[in-house]
Amino acid sequence: MRQVQPFILFTFLIAFSSFAQAQQLYVKTFGPASGKPLLFLHGGPGGSTLDFELTTAPELAKKGFFVIVYDRRGEGRSISDSAKFTFEETFNDIHGIYKQYNIKSAALLGHSFGGVVAGKFAAQYPQQVNHLILAGAPLSLQHMFRTILTNVQNASKDSGLLKQLHEVKGYDTASIHYSSGCFMLAMQARLYNTGNPTPKARQLYKEMMEHEAMKQYTASLTATNYKTMLNPVMGFWKNEKYTTLDITTALHKVSKENIPIYGIYGKEDGLFNPAHINTLRGIIGNESRVLYLDNCSHGVFMDQQDIFIASITDWLK
């Protein structure tokens, strides 16, 4: 799903040829190529690896992982006027990354909508995935939207916001207007934010917002009328019925393939509720593999970075 904060941005492109389509993808690696491959899949549609790349990828690389980040075709820094915005295209690009770095199997770390991509890829190509980690990722988009509306209703006393809430509730729940309305309400009600960020989290956000790459990329978005944010939203909705996606069946299949699944979520992430966490725990069948962190919201790898890195390191060792 779309991560609406501006810290999902970054700068330049790296030329990378997919084995299926000779197009430009933004790809960057951290750490030794001999390390355990860890592929990060960013949020969206219309997102970027910016936040993870600038704050967390280097720290995981210090733990010995070979961390790979990339922006999906037509999103973020992977500018493409011919992007199709389908899972098939996305999976072909992932195959291309595997081929580029001679990877047979990798750990997938999917944040937000990236978790949907990771779950579906793992279910379709289990032999290419050795661990699956969901970070602030939805299982059911429709359940997530209902949770957002409930949390806005319970948290807000603003008459204007409540009027907007009433209007969104009247939309077709499968429509792009409904999903966009829910995300806008979540942003306005600050459901993406923790109420009392730790000093380290404050510093991470501050440094990222002040990074020159952020300023450059923000300028490039404005110059292109935000096409790498808007086009993917419309594309995945049209081609993949984005607003009604549900990966619970895919995760059951992944579990049956004996691929370890892990989850890490923030208790202040207003996109999810305890029922979501319990559903994931039920699929995994091991409560210790799902962390539900205090003082943490949607940006889980920044809100509680030390716990996040320690957990990833422990799970993948």
Side-chain angles (χ1 to χ4, degrees), residues 1-5 8 41-47 72 74-75 84-88 90 110-120 123 134-193 226 229-253 263 265-266 268-280 282-283 297-298:
M1 87 245 50
R2 214 169 19 173
Q3 189 171 339
V4 296
Q5 295 105 321
I8 58 172
L41 301 172
H42 66 78
R72 282 186 299 273
E75 301 185 44
K84 297 177 181 178
F85 304 113
T86 65
F87 287 121
E88 180 181 8
T90 300
H111 178 239
S112 203
F113 178 66
V116 175
V117 175
K120 291 179 74 67
L134 305 177
L139 305 181
S140 162
L141 273 293
Q142 286 292 302
H143 183 271
M144 183 189 68
F145 295 141
R146 291 193 297 271
T147 300
I148 289 173
L149 296 180
T150 297
N151 286 339
V152 172
Q153 179 78 55
N154 294 338
S156 179
K157 296 181 180 179
D158 182 274
S159 59
L161 198 62
L162 293 176
K163 180 180 179 181
Q164 184 179 338
L165 173 69
H166 179 74
E167 292 175 354
V168 172
K169 283 184 174 181
Y171 295 155
D172 177 357
T173 58
S175 70
I176 197 68
H177 303 291
Y178 179 72
S179 63
S180 297
C182 288
F183 287 131
M184 184 60 68
L185 285 166
M187 181 180 66
Q188 292 173 306
R190 297 184 63 79
L191 299 187
Y192 289 94
N193 307 98
Y226 297 89
M229 297 180 75
L230 300 177
N231 289 353
V233 173
M234 293 303 298
F236 274 102
W237 172 69
K238 178 181 178 181
N239 301 323
E240 300 290 358
K241 299 181 180 180
Y242 163 71
T243 56
T244 58
L245 287 172
D246 189 312
I247 63 168
T248 53
T249 299
L251 293 183
H252 279 294
K253 182 178 179 181
Y265 292 77
E268 293 182 70
D269 189 343
L271 278 63
F272 309 109
N273 59 16
H276 174 95
I277 303 301
N278 289 335
T279 297
L280 181 58
I283 293 172
S297 187
H298 199 61

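Considering all non-hydrogen atoms of both residues, L280 and G263 come closest at CD2-CA, 4.1 Å. Closest non-hydrogen pair, G43 versus E75, comes out as O-OE1, 4.2 Å. The shortest heavy-atom contact between G181 and V168 is CA-CG2, 3.9 Å. Nearest approach of I176 to M234, heavy atoms of both residues: CG1-SD, 3.9 Å. Here the shortest heavy-atom pairing between A174 and T243 reads O-OG1, 2.6 Å. Closest of all the heavy-atom pairs between A137 and G110 is CB-O, 4.1 Å.
Separating the CG atom in N151 from the CG atom in L185 is a distance of 11.5 Å, to the nearest 0.5 Å. From I283, atom CD1 reaches atom NE2 of H252 across 4.5 Å, with rounding to the nearest 0.5 Å. Atom CE in M187 sits 10.5 Å away from atom CG in N193 (nearest 0.5 Å). Interatomic distance, CG of L134 versus OG of S112, reported as 11.0 Å (0.5 Å rounding). How far CG of L149 is from CE of M144: 10.0 Å, rounded to the nearest 0.5 Å.
For H298 (side chain) and L191 (main-chain N/O), no donor-acceptor pair under 3.5 Å exists by modelled atom type. Although no hydrogens or angles enter the test, the distance criterion places a donor-acceptor pair under 3.5 Å between the side chain of S297 and the main chain of Y192. With N273 contributing its side chain and H276 its backbone, the two residues share a donor-acceptor pair below 3.5 Å. Without hydrogens or angle criteria, H143 side chain to P138 main chain gives no donor-acceptor distance under 3.5 Å. R72 places no side-chain N or O within donor-acceptor distance of the main-chain N or O of G46, the cut-off being under 3.5 Å.
Residue pairs meeting the ring pair (Phe, Tyr, Trp, His ring centres under 6.0 Å) criterion with at least one member in residues 159-179, sequence neighbours excluded, are F145-Y178.
At a threshold of 4.5 Å between non-hydrogen side-chain atoms, the residues Q153 and K169 count as touching. A heavy-atom distance below 4.5 Å is found between the side chains of V116 and L141.
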(request) Could you walk me through whether F87 and L245 pass the side-chain contact (heavy atoms from CB on, under 4.5 Å) test, one step at a time? (result) CA-CA 12 Å; F87 287 121; L245 287 172; 3.8 Å; yes

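Residues satisfying the side chain to side chain donor-acceptor pair (under 3.5 Å) test with E268, not counting sequence neighbours, are T194. Among residues two or more places apart in sequence or in another chain, the side chain to side chain donor-acceptor pair (under 3.5 Å) test is passed with Q188 by Q164. Every side-chain contact (heavy atoms from CB on, under 4.5 Å) that K253 has, sequence neighbours left out, goes to A123. Legend: residues meeting side chain to side chain donor-acceptor pair (under 3.5 Å) with T248, ordered by chain and number and at least two apart, are D246.
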Would you be so kind as to tabulate the donor-acceptor pairs closer than 3.5 Å made by side chains of residues 155-163, with sequence neighbours excluded?
residue: S156; atom: OG; partner: D158; partner atom: N; Å: 3.1
residue: D158; atom: OD1; partner: G160; partner atom: N; Å: 3.0
residue: D158; atom: OD1; partner: L161; partner atom: N; Å: 2.7

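When each of F85, F113, W237, F236 is tested with Y242 by the rule ring-ring contact (aromatic ring centres under 6.0 Å, His included), just one qualifies, namely F113.
At most 12 heavy atoms of other shown residues, nucleotides or ligands fall within 6.0 angstrom of atom CD in E88.
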